[in-house]
S.K.: 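Mind having a look at this structure? Questions to follow.
Proteins get letters first, then strands, A, B, ... in listed order; numbering begins at 1 in each.
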There are 2 protein chains.
Amino acid sequence: MARTGRPRGFDTGQAVDAALALFWQYGYESTSLAQLREAMGISSASFYAAFSSKEQLFEAVVQRYLSTYGQVTAVAADEALAPREAIEQTLRRSVRMQTDPSHPSGCLVVLAESTCASGNQRVRDLLADRRAWDRRNMTACVERAVTRGELPPGTDPKALAAVFHSFLLGLSTQARDGVPAADLDASVTHVMRVWDGMASALHPV
Amino acid sequence: MARTGRPRGFDTGQAVDAALALFWQYGYESTSLAQLREAMGISSASFYAAFSSKEQLFEAVVQRYLSTYGQVTAVAADEALAPREAIEQTLRRSVRMQTDPSHPSGCLVVLAESTCASGNQRVRDLLADRRAWDRRNMTACVERAVTRGELPPGTDPKALAAVFHSFLLGLSTQARDGVPAADLDASVTHVMRVWDGMASALHPV
DNA sequence: CTAGTTATGGATCGATTGATCCGTAACTAG
DNA sequence: CTAGTTACGGATCAATCGATCCATAACTAG
């Protein structure tokens, strides 16, 4: 059944996508309501009727980002994949996504709120939670690899995961600084040697 | 000879240090003039007489940062060191510095302006220049290693440097997210295996 | 001493911030 | 049709932004 009252004059999904592009480019605090309203093509009243506040809009934007672009890191949580493959694919897909010229470079989760006023702790936590999730997935990959006998028993999962996660986080700044995608993709091949170096201890010559 | 006129009632160096702490913690845009003036304990007039503008104060702050905390990455430019040692020390010192609880975590150069309003491009460039400098130093380390016969002739300096630089850049976000220094230091040991893996091609079994 | 110079506190600037309010338009239910 | 509901454009809010101005204080040169 159709809802009563005057119908909304704009598409909420498209408005969130427009906001996503702005928050991704400029970050949370540096994107103003005026910018958002102009990109959405709506008035102040319509904005608050639809999204309640800047912060709640940002939450919707993050949710949208995570369910689309952000999915590139979800392979790390796929237990059907071999652990090494899961991590390598996480890195390669992240490189490709973050350097895609059809949208702002880097990752919104890393860039949108690296530093912020103390009043926006909620926004920071929102993104920090996702980073922690990625980190846990990568750590779990290493732990699974040890269980499966693909890495030596003495492996330190936290330290090894920190290598790949740090590399992943650094991609955002590199992408923003204009490092070519080809260089980044080649560097993924190199960083995966960390894994192989650990694994080679399992096959003594 | 003493300068004429009423003497300054505060120490400029201490004021810059106070500003450094704020910009490091909250970033450039999120640190307000009111915060800065309160931390410095001076009035608006004194502020502008001494520093001209928020942007110029930030430049002084960056200069101060680079000549102190930021020196941890300067070892990468030291050609007296063995290239591998230079890179490893850059990473280890960065871990120690960025996790030191006596000041804000992470690196100001990476965190203070990852995203910004279009009007602050100047500030962004200021920090991006330093990141590019670090990157060039690390690339030069790899190139020197090839010249010195410590890495194979076919090595891709850009790709290999991208591994270490991406790892370095990622440290800031990890430090902000509270990853323990011990985990990060252990991960440096692991990431250096990328270098050793390349170098081992020089010594076929 | 006086004249010149610089720094000070504090009021204040115009612009912009995120957010609210109001009268009206556009729709549905009955 | 009328009554009820929701969305609209646009004016406007208090707060804060970075920055400026002015009268006065505190110093030096002569």
S.K.: Answer yes if the side chains of Thr90(B) and Thr73(B) hold a donor-acceptor pair under 3.5 Å, and no otherwise.
M.R.: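 No.
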S.K.: In whole Å, what is the span from the CD atom of Glu38(A) to the C1' atom of dG10(D)?
M.R.: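 Computing the Glu38(A):CD to dG10(D):C1' distance gives 16 Å.
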S.K.: Is any side-chain heavy atom of Tyr28(A) closer than 4.5 Å to a side-chain heavy atom of Arg124(A)?
M.R.: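 No, side chains not in contact.
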S.K.: Rounded to the Å, how far apart are Phe51(B) CZ and dT6(C) P?
M.R.: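 About 18 Å, once rounded to whole Å.
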S.K.: Rounded off to whole Å, could you give me the CD-to-P distance for the Gln56(B) and dG18(D) pair?
M.R.: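 It works out to 15 Å between those atoms.
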S.K.: The criterion is side chain to side chain contact (heavy atoms under 4.5 Å, CB included); which residues satisfy it with Ala175(B), sequence neighbours excluded?
M.R.: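 Per chain and number, Ala175(B) pairs via side chain to side chain contact (heavy atoms under 4.5 Å, CB included) with Gln98(B), Thr99(B), Ser105(B).
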S.K.: Could you tell me whether the phosphate oxygens of dA7(D), OP1 or OP2, come under 4.0 Å of any side-chain nitrogen or oxygen in Ser46(A)?
M.R.: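 False: Ser46(A) side-chain N/O out of range (4.0 Å or more) of dA7(D) OP1/OP2.
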S.K.: Say whether Asn120(A) and Glu113(A), considering side chains only, have a donor N or O and an acceptor N or O under 3.5 Å apart.
M.R.: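 Note: Asn120(A) and Glu113(A) side chains miss the donor-acceptor criterion.
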S.K.: Tell me: CG of Leu22(B) to C1' of dG18(D), nearest whole Å?
M.R.: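 In whole Å, dG18(D) C1' and Leu22(B) CG are 16 Å from each other.
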S.K.: Output yes when Arg135(B) and Asp177(A) qualify as a salt bridge under the 4.0 Å nitrogen-oxygen rule, no when they do not.
M.R.: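 No salt bridge links Arg135(B) with Asp177(A).
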S.K.: Check whether the side chains of Thr189(B) and Arg92(B) place a donor and an acceptor atom closer than 3.5 Å, and report yes or no.
M.R.: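 Yes, Arg92(B) and Thr189(B) have a side-chain donor paired with an acceptor closer than 3.5 Å.
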S.K.: Using purine N1 to pyrimidine N3 plus N6-O4 or O6-N4 for Watson-Crick, or N1-O2 and O6-N3 for G-U wobble, each under 3.5 Å, what pairs with dA25(C)?
M.R.: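 Across any shown strand, dA25(C) pairs with dT6(D).
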S.K.: Parallel, tilted or perpendicular: which fits the ring planes of Phe23(B) and Phe58(B), with parallel below 30° and perpendicular above 60°?
M.R.: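 Geometry flag for Phe58(B) against Phe23(B): perpendicular rings.
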S.K.: Going by purine N1 to pyrimidine N3 plus the second Watson-Crick contact, or the G-U wobble pair, all under 3.5 Å, which nucleotide sits opposite dG30(D)?
M.R.: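 Partner of dG30(D): dC1(C).
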S.K.: Please list residues of residues 6-19 of chain A whose heavy atoms come under 4.0 Å from any atom in DNA chain D, ordered by number; otherwise none.
M.R.: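 Correct list: Arg6(A), Pro7(A), Arg8(A), Gly9(A), Phe10(A).
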S.K.: Cationic tip of Lys54(A) within the cone over Phe47(A)'s six-membered ring, i.e. under 6.0 Å and within 45° of the normal?
M.R.: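 Here Lys54(A) fails the 6.0 Å and 45° test against Phe47(A).
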S.K.: Closer than 3.5 angstrom, by distance alone: can the side chain of Gln121(A) be matched with the main-chain N or O of Ser118(A) as a donor-acceptor pair?
M.R.: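 Pair absent, no side-chain N/O of Gln121(A) close to backbone of Ser118(A).
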S.K.: Report each atom pair, protein N/O against N/O of nucleotides 17-22 of chain C, whose distance is under 3.5 angstrom.
M.R.:
unit_1	atom_1	unit_2	atom_2	d
dG18(C)	OP1	Thr31(A)	O	3.3
dG18(C)	OP1	Lys54(A)	NZ	2.7
dG18(C)	OP2	Leu33(A)	N	2.6
dA19(C)	OP2	Tyr48(A)	OH	2.8
dA19(C)	OP2	Lys54(A)	N	3.1
dA19(C)	O5'	Tyr48(A)	OH	3.2
dA19(C)	N6	Ser44(A)	OG	3.4
dT20(C)	O4	Ser44(A)	OG	3.1

S.K.: Using a cut-off of strictly less than 4.0 Å, decide whether Ser43(B) has a side-chain nitrogen or oxygen near OP1 or OP2 of dG9(C).
M.R.: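 Result: yes.
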S.K.: Can you measure Ile42(A) atom CD1 to dT6(D) atom P for me and round it to whole angstrom units?
M.R.: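 The distance from CD1 of Ile42(A) to P of dT6(D) comes to 18 Å, rounded to the nearest Å.
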